[in-house]
Number of protein chains: 2
Amino acid sequence: MNFQQLRSVREAVRQGYNLTVVAEVLHTSQPGVSRQIRELEDELGITLFERAGKRLTGLTAPGALVLPIVERLLLDAENLRRAAADFAGQDHGTLTIAATHSQARYALPPAVRDFSASHPGVELRLKQGTPQQVAELLLAGEADIGVATEALAGYPGLVALPCYQWTHSVIVPPTHPLADDARRQLTLTLARLAQFPVITYEPGYTGRSHIDEAFQRQGLAFKLVLSAMDADVIKTYVELGMGVGIIAAIAHDDQRDANLTAIDARHLFASNMTRLAVRRGSFLRGYVYDFISAFASPLTREVVDTARSEVSGSVFDI
Amino acid sequence: MNFQQLRSVREAVRQGYNLTVVAEVLHTSQPGVSRQIRELEDELGITLFERAGKRLTGLTAPGALVLPIVERLLLDAENLRRAAADFAGQDHGTLTIAATHSQARYALPPAVRDFSASHPGVELRLKQGTPQQVAELLLAGEADIGVATEALAGYPGLVALPCYQWTHSVIVPPTHPLADDARRQLTLTLARLAQFPVITYEPGYTGRSHIDEAFQRQGLAFKLVLSAMDADVIKTYVELGMGVGIIAAIAHDDQRDANLTAIDARHLFASNMTRLAVRRGSFLRGYVYDFISAFASPLTREVVDTARSEVSGSVFDI
DNA sequence: TATCCTTACGGAATTCGTAAGCATG
DNA sequence: CATGCTTACGAATTCCGTAAGGATA
């Protein structure tokens, strides 16, 4: 039994049982992967993969049973390397942050700037994706930290920590009727808002669910002319006069967005909690804690470790 | 990084940092072990062992930090093999039970006999030792199941399950004054018992602590003429008239021990709980559950797994 | 001086990639 | 017939044990 065999098995599952792809991912030859898997099967004395003729089609029952153990072995191998690297080159390494556009664009910059200044030896990588993709990157070990408002709390393999709460704003061109309302100190209502075409986030993104819920609760329907994955795109189309935008308040900057009027909408939509997540069971290098604290100061190393040790248990079950 | 390197590191710690011994245990050459360790240190980029000149003297701080990860890796490798073997040859394998003499001699036989009959393909191994040794065998992965009355519940790395409660008996030759008392229906008291020299278990064994506590609580001192690790030895010296024996009630059989009179002493000493333990995080083959149920019928597979998953968390912390 | 670790070296075993073969959709 | 896994084979590498060297208690 060796780690290359285990990697081959894990990757075969991840890559949909296509050993040719596995070979590419692992930078080796396809017959090599085939051999690794068969040798492991021989040593263990069980067939891990269902085969239709020659091609692999899925896991056998024994395969499905041992896969979690294989994953844990590879996770711990990675943990070992990280723990060692943390001692070896204390302040050299890589920090990969997976985040949604909104977080990467509006929430992370101060922390990234400060971290980068205080940890010049750490290479920072920022990966963007949907909240689901953020979670998957974490689970696959391809990101150290994930930041998103949605989804993260729903994965048992992740530890999600609340970072900050935020609310929505409505943005309109200065000439828009709603901008007039605001100047006259009129309180914005959902009914009033529903009179205009709306531009906001796609479902599954950045508090979109709370927007839908608010309208539904009042039995109102809003006309969605455009949905986008990030506030910058939304702002662009609001400027073009296509509709009123509903975005995260943090995504509006009075100075930079002088050509748009922002109207506070915290009374209309439920507030949102942005969470930071790490993979349960992953060793975190010292500077990972540093970044987390820089991003959300209440999340000290101690707080993070406490949350990490509050195990649901299921992850380590066999 | 490979498993042989990890094994060398683990064994180096276990064998007191003597690589010559490690080589013997791992059935390899001493320079080989030396190389494995250095190669791992090189790959990880950290020094794992303190060295005084050429010899190893202990773990460095980084070494102590990564050792738990190394142990977990090797444990999971073992788990993987066991899980596979459980599918491969469903009813072939080895079951190693570590127990104290009392358990091996008086409590285990029925379960061992039944199990052996129902699982002819499983080789049974019985290891004896002190309760501490039983715990250490489990923690070192050299036994699957441990049975003892003392100590087992105190190890965070073990899951201890209560099996049965038992009480003490006093044994004397039929001609002994206490035997007369019993025939006259006189209730035995500690004060009366303390009038005679006592033969019982060694400290740390089979409920000895409850015996000491009972006398102490009443401010009585008893004269211990002999202490032994098992009831058979105690019985032998009681037969010789050296004193009265205090042994586990289960260790006396009216027919086999016809030359000794047993007097119930459950009112004198606190009752004892015999526990069965398994290593936390170890994969248990199907027949291990079978044996546990055979030994203590309330301990079904479900009960055992529930106890196993109630993790203190500390074991898997990094 | 005995114990214990490291270095050096050579043979053996393993490993891996290329090329060819074969089954499946 | 294109895709995808297996088999075959040879070269390169790695691995490991023996023997010698050096440091420490």
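Keep in mind the model is a prediction, meaning the values are calculated, not measured. So that the names make sense, note that chain A is the first sequence line, chain B the second, and so on, each numbered from 1.
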**Complete:** Taken to the nearest whole Å, CD/B:Gln30 to P/C:dC5 is 6 Å
**Item:** Which nucleotide in D:dA8, D:dG21, C:dC4 has an atom nearest any side-chain atom of B:Lys54
**Value:** D:dG21
**Request:** Could you verify whether a donor N or O on one side chain and an acceptor N or O on the other, from B:Glu123 and B:Thr96, lie under 3.5 Å apart?
**Result:** no
**Asked** For the side chain of A:Arg51 and the base of D:dG4, is some donor closer than 3.5 Å to an acceptor across the two?
**Response** no
**Complete:** Rounded to whole Å, CG of B:Asp42 lies from P of D:dC15 at a distance of 13 Å
**Asked** Between D:dT18, D:dT24, C:dA19, which nucleotide has the shortest distance from any of its atoms to the side chain of A:Pro31?
**Response** C:dA19
**Prompt:** B:Leu56 CG to D:dA25 C1': how many Å, rounded?
**Reply:** 15 Å
**Request:** Check whether any side-chain N or O of A:Arg38 sits under 4.0 Å from OP1 or OP2 of D:dT7, and answer yes or no.
**Result:** yes
**Prompt:** Just how far is it from atom CG of A:Leu152 to atom CG of A:Leu138, taken to the nearest 0.5 Å?
**Reply:** 7.0 Å
**Fill in**
The answer to which of A:Ala52 and A:Asn2 contacts DNA chain C further toward the 5' end, by nearest nucleotide, is A:Asn2
**Message:** Under a plain distance cut-off of 3.5 Å, with no hydrogens placed, do A:Tyr289 and A:Asp305 share a side-chain donor-acceptor pair?
**Reply:** yes
**Qualifying residues under side chain to side chain contact (heavy atoms under 4.5 Å, CB included), relative to B:Leu44, sequence neighbours excluded** = A:Leu80, A:Arg81, A:Ala84, B:Met1, B:Leu40, B:Ile46
**Prompt:** Which part of the nucleic acid does B:Gly32 contact within heavy-atom distance under 4.0 Å: base, sugar-phosphate only, or nothing?
**Reply:** nothing
**Prompt:** Base, sugar-phosphate alone, or nothing: which one does A:Glu39 contact when heavy atoms must sit under 4.0 Å apart?
**Reply:** nothing
**Prompt:** For residues 3-28 of chain B, which residues have at least one heavy atom under 4.0 Å from DNA chain D?
**Reply:** B:Thr28
**Non-hydrogen side-chain atoms of A:Ser8 and A:Arg35 separated by less than 4.5 Å** = no
**Complete:** side chain to side chain contact (heavy atoms under 4.5 Å, CB included) filter on A:Arg105, not counting sequence neighbours, yields A:His101, A:Asp232, A:Arg256
**Request:** Find the distance A:Glu50:CD to C:dT24:C1' and express it as a whole number of Å.
**Result:** 17 Å
**Message:** Quick check: do B:Pro131 and B:Thr100 have side-chain heavy atoms less than 4.5 Å from each other?
**Reply:** yes
**Complete:** Rounded to whole Å, CG of B:Leu40 lies from P of D:dC15 at a distance of 13 Å
**Message:** Taking atom types as they are modelled, would you say the side chain of A:Arg35 forms a donor-acceptor pair with the base of C:dT15 within the 3.5 Å cutoff?
**Reply:** no
**Item:** Selection from D:dA23, D:dT18, C:dT18 that lies nearest to any side-chain heavy atom of B:Arg55
**Value:** D:dA23
